[in-house]
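Have a look at the structure below, then the notes.
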Amino acid sequence: MEHIWYWFAYSFLGYCLEKLFAAATSSSHRLRRCFVFLPLCPVYGFAMVTILLLGAEKLPARGADLARYARGAAMEYAVHWGYERLFQVQFWDYSSTKCDVNGRICLPFSICWGILSMLAVRYVQPVLEGYAALLPEWAAALAVFLVTLDGILTARVLLTTHDIDALTPRTLLRSKRRRTA
């Protein structure tokens, strides 16, 4: 049950990081949304839960960090590939960055994600573990329901528009009006 909360926490922290990055770089994708309503960026949640579930605690410190880094990069690549295949969208494109792999991952950002993953496992995760243990199961069920509902709405917008900037409630309402008219 705790892993549900870890996914939420890291997805929310990733969303906040994306907003900061967009503001700092004056990105054209200022909204940096991944869902229509919820402030979550699931690639961060999936990557961190994967890193936690696959564990690397039995490895020497450097080996564990390298294993976490590699798992994070693999998850970023897989999520990007999934977005392209399912929705024909790209939430990020590293093709103009040096040392990229199909525009889905690149060495400079992978190094950043690797460092952030190591810091999260060492410093953020112990704090989250304490809080996650306190949360009731019914709250996890409600949270999963809300993400599922928003995920369905998000998929509808992406399948209709193939545009990540269309992830707004207004777009969802417009597509519903067009369908009923």
Side-chain angles (χ1 to χ4, degrees), residues 1-35 38-84 87 89-135 140 143-144 147 150-151 154 164-165 167:
M1 192 60 62
E2 291 87 15
H3 287 86
I4 292 170
W5 294 119
Y6 302 155
W7 183 87
F8 273 97
Y10 288 114
S11 293
F12 177 71
L13 292 171
Y15 173 83
C16 293
L17 185 64
E18 290 290 330
K19 294 291 276 183
L20 287 170
F21 183 78
T25 61
S26 300
S27 172
S28 61
H29 296 293
R30 304 274 315 173
L31 293 175
R32 293 285 182 167
R33 301 188 125 209
C34 293
F35 283 101
L38 297 174
L40 302 171
C41 189
V43 67
Y44 292 90
F46 288 132
M48 285 306 299
V49 168
T50 299
I51 288 167
L52 295 171
L53 286 173
L54 295 177
E57 287 66 33
K58 295 179 182 146
L59 298 172
R62 286 187 185 174
D65 288 340
L66 184 58
R68 288 183 188 112
Y69 160 77
R71 290 174 184 148
M75 183 53 66
E76 182 181 21
Y77 189 93
V79 169
H80 189 289
W81 180 86
Y83 281 138
E84 282 184 5
F87 306 114
V89 297
Q90 290 183 327
F91 279 93
W92 63 90
D93 181 8
Y94 296 135
S95 59
S96 64
T97 308
K98 292 183 181 189
C99 302
D100 76 292
V101 178
N102 299 325
R104 295 183 180 122
I105 59 173
C106 69
L107 187 59
F109 277 101
S110 289
I111 289 170
C112 292
W113 302 142
I115 292 167
L116 286 172
S117 296
M118 288 184 285
L119 293 172
V121 168
R122 288 186 185 155
Y123 301 108
V124 177
Q125 187 58 30
V127 175
L128 289 179
E129 285 173 359
Y131 286 116
L134 299 173
L135 295 167
V144 169
V147 165
D150 200 2
T154 299
I164 62 171
D165 291 325
L167 289 175

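Heavy atoms only: backbone and side chains are in, while hydrogens, waters and symmetry mates are out.
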Heavy-atom pair of closest approach, residues Trp7 and Gly45: CD1-C, 3.3 Å

Between CG on residue Leu116 and CD1 on residue Ile111, distance to nearest 0.5 Å: 12.0 Å

Those residues that, when tested against Leu135, pass side chain to side chain contact (heavy atoms under 4.5 Å, CB included) (two or more places apart): Trp5

Shortest non-hydrogen separation from Thr50 to Met75 and the atoms involved: OG1-CE, 2.9 Å

Derivation and outcome, side chain to side chain donor-acceptor pair (under 3.5 Å), residues Glu84 and His80: CA-CA 6 Å; Glu84 282 184 5; His80 189 289; 3.2 Å; yes

Whether Trp92 and Tyr83 hold their rings parallel, tilted or perpendicular, with breakpoints at 30° and 60°: perpendicular

Side-chain touch Pro108/Tyr94, heavy atoms, less than 4.5 angstrom: no

Value rounded to 0.5 Å, distance of CZ in Phe109 from OG1 in Thr97: 6.0 Å

Reported OH-to-CG distance for the pair Tyr15 and Leu20, which is rounded to 0.5 angstrom: 10.5 Å

Leu38 backbone acceptor or donor facing Asp150 side chain under 3.5 Å: yes

Euclidean distance, Tyr77 OH relative to Cys106 SG, rounded to 0.5 Å: 13.0 Å

Heavy atoms from other residues, nucleotides or ligands near CZ of Phe12 exceed 12 (cutoff 6.0 Å): no

Whether Asn102 side chain and Arg104 backbone form a donor-acceptor pair below 3.5 Å: no

Shortest non-hydrogen contact from Glu76 toward Val43: CA-CG2, 4.0 Å

Nearest heavy-atom neighbours spanning Ala132 and Tyr6: CB-CE2, 3.7 Å

Minimum heavy-atom distance between His3 and Leu53, given as atom pair plus value: NE2-CD2, 3.3 Å

Distance (rounded to the nearest 0.5 Å) between Leu128 CG and Leu52 CG: 9.0 Å

Residue pair Phe87 / Thr154, side-chain heavy-atom distance below 4.5 Å: no

Side chain to side chain contact (heavy atoms under 4.5 Å, CB included) between Met48 and Ser117, intermediate numbers included: CA-CA 7 Å; Met48 285 306 299; Ser117 296; 4.1 Å; yes

From Glu18 atom CD to Leu40 atom CG, the distance as rounded to the nearest 0.5 Å: 12.5 Å

Contact check, side chains of Cys34 and Phe91, non-hydrogen atoms, under 4.5 Å: yes

Within-4.5 Å side-chain heavy-atom neighbours: Leu17 and Leu13: no

